Chemist: 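Pasting a structure below so you can have a look.
Quick note: residue numbers are just sequence positions, from 1. These numbers come from a predicted model, not from an experiment.
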Amino acid sequence: QLQLVESGGGLVQPGGSLRLSCAASGFTSDYYAISWFRKAPGKEREGISCINNSGGTTVYADSVKGRFTISRDNAKNTAYLQMTSLKPEDTAVYYCAARVRFQCISWNEPNYMNYWGKGTLVTVSS
């Protein structure tokens, strides 16, 4: 059973940066793609980025493209989301999710994910 634990959330001023981590345990990292989702109050859960099993392919939602960078270190079984130029509208609970597929197929569809973390809160405010 794969377990995912997010960390790195917090309060940051507009224009600031944060790096989220997603630590995986219970499963070898070679077999799954990792997606990041976020859920803001009153909004639908939004898929924002995905990285394939090897780390060689990444995809981004338009809302974060150019500001967020996804990466992973399979030796550490950890994925990351580097967030820069943060805006108040980025405020949300951020979740990592794993799908037991090599590639980012249906990467932004919550129903296709096999495992979820419990989330970490990011608040962007002055």
Chemist: Can you tell me how far apart CH2 (W36) and CH2 (W107) are? Round to the nearest 0.5 Å.
Modeler: 13.5 Å
Chemist: Working note: S125 + L11, criterion side chain to side chain contact (heavy atoms under 4.5 Å, CB included); need CA distance, chi angles, decisive distance, verdict.
Modeler: CA-CA 7 Å; S125 175; L11 174 65; 4.2 Å; yes
Chemist: Rounded to the nearest 0.5 Å, what separation is found between the OH atom of Y94 and the CD atom of E6?
Modeler: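 Here the interatomic distance stands at 12.5 Å.
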Chemist: To the nearest 0.5 Å, what is the distance between CZ (R101) and SG (C50)?
Modeler: 11.0 Å
Chemist: Hydrophobic cluster membership, with links at side-chain heavy-atom distances under 4.5 Å among I/L/V/M/F/W/Y: are W116 and L121 in one?
Modeler: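 In one cluster with W116: L121, yes.
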Chemist: Does I105 share a hydrophobic cluster with V59, counting links as ILVMFWY side-chain heavy atoms below 4.5 Å and allowing steps through other members?
Modeler: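 No, separate clusters.
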Chemist: Nearest 0.5 angstrom please: Q82 CD to S21 OG, how far?
Modeler: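 Answer rounded to 0.5 Å: 9.5 Å.
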Chemist: Identify whether I48 and Y32 are in the same connected component of the hydrophobic contact network (ILVMFWY, side-chain heavy atoms under 4.5 Å).
Modeler: yes
Chemist: Can you establish whether the number of heavy atoms outside Q3 located under 6.0 Å from its atom CD is more than 12?
Modeler: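 Result for CD/Q3: open.
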Chemist: For the residue pair F102 and Y31, does the interplanar ring angle fall in the parallel (under 30°), tilted (30 to 60°) or perpendicular (over 60°) class?
Modeler: tilted
Chemist: When you look at R38 and V64, which way does the side chain to side chain contact (heavy atoms under 4.5 Å, CB included) test go after all the steps?
Modeler: CA-CA 11 Å; R38 65 185 181 185; V64 305; 4.0 Å; yes
Chemist: With heavy-atom distances below 4.5 Å as the criterion, would you say the side chains of M83 and D90 are in contact?
Modeler: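 The answer is no; the side chains never approach within 4.5 Å.
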Chemist: As an exercise, state the distance from CZ of R99 to CG of N53, rounded to the nearest 0.5 Å.
Modeler: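 Going from the CZ atom of R99 to the CG atom of N53 covers 13.0 Å.
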Chemist: Flag the pair S35 / C104 as yes when at least one side-chain heavy-atom distance between them is below 4.5 Å, and no otherwise.
Modeler: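 With C-beta onward as the side chain, the pair stays apart.
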Chemist: Establish whether Y115 and L81 are linked, either directly or via other cluster members, by ILVMFWY side-chain heavy-atom contacts under 4.5 Å.
Modeler: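 Yes, Y115 connects to L81 through the hydrophobic network.
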Chemist: Spell out, yes or no, whether Y95 and L4 are grouped together once hydrophobic residues are joined by side-chain heavy atoms under 4.5 Å, including indirect joins.
Modeler: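 No, separate clusters.
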Chemist: Can you name the closest pair of heavy atoms from A98 and I34 and give their distance?
Modeler: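 Nearest heavy atoms, A98 then I34: CB-CD1, 3.8 Å.
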Chemist: Output, in order, the C-alpha distance, side-chain angles, deciding distance and verdict of side chain to side chain contact (heavy atoms under 4.5 Å, CB included) for F68 and L86.
Modeler: CA-CA 9 Å; F68 292 8; L86 283 161; 3.8 Å; yes
Chemist: Treating N74 as the side-chain partner and N77 as the backbone partner, does any N or O pair qualify as donor plus acceptor under 3.5 Å?
Modeler: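 Not confirmed, N74 side chain does not pair with N77 backbone.
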Chemist: Donor-acceptor pair, T123 side chain versus T91 backbone, under 3.5 Å?
Modeler: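 No, T123 side chain to T91 backbone: no donor-acceptor pair under 3.5 Å.
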Chemist: Could you check whether any side-chain N or O of S85 sits under 3.5 Å from a backbone N or O of G15, counting only pairs where one atom can act as donor and the other as acceptor?
Modeler: no
Chemist: Less than 4.5 Å apart, side chain to side chain, heavy atoms only: is that true for P110 and K39?
Modeler: no
Chemist: To the nearest 0.5 angstrom, please state how far the CD1 atom of I51 sits from the CD atom of Q103.
Modeler: 11.0 Å
Chemist: Do the side chain of R72 and the main chain of N52 share a donor and acceptor less than 3.5 angstrom apart?
Modeler: yes
Chemist: So, do N114 and L2 sit near enough that their side-chain heavy atoms are less than 4.5 Å apart?
Modeler: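 The answer is no; the side chains never approach within 4.5 Å.
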Chemist: Can you confirm whether Y80 sits close enough to T69 that some side-chain heavy atom of one is under 4.5 Å from a side-chain heavy atom of the other?
Modeler: no
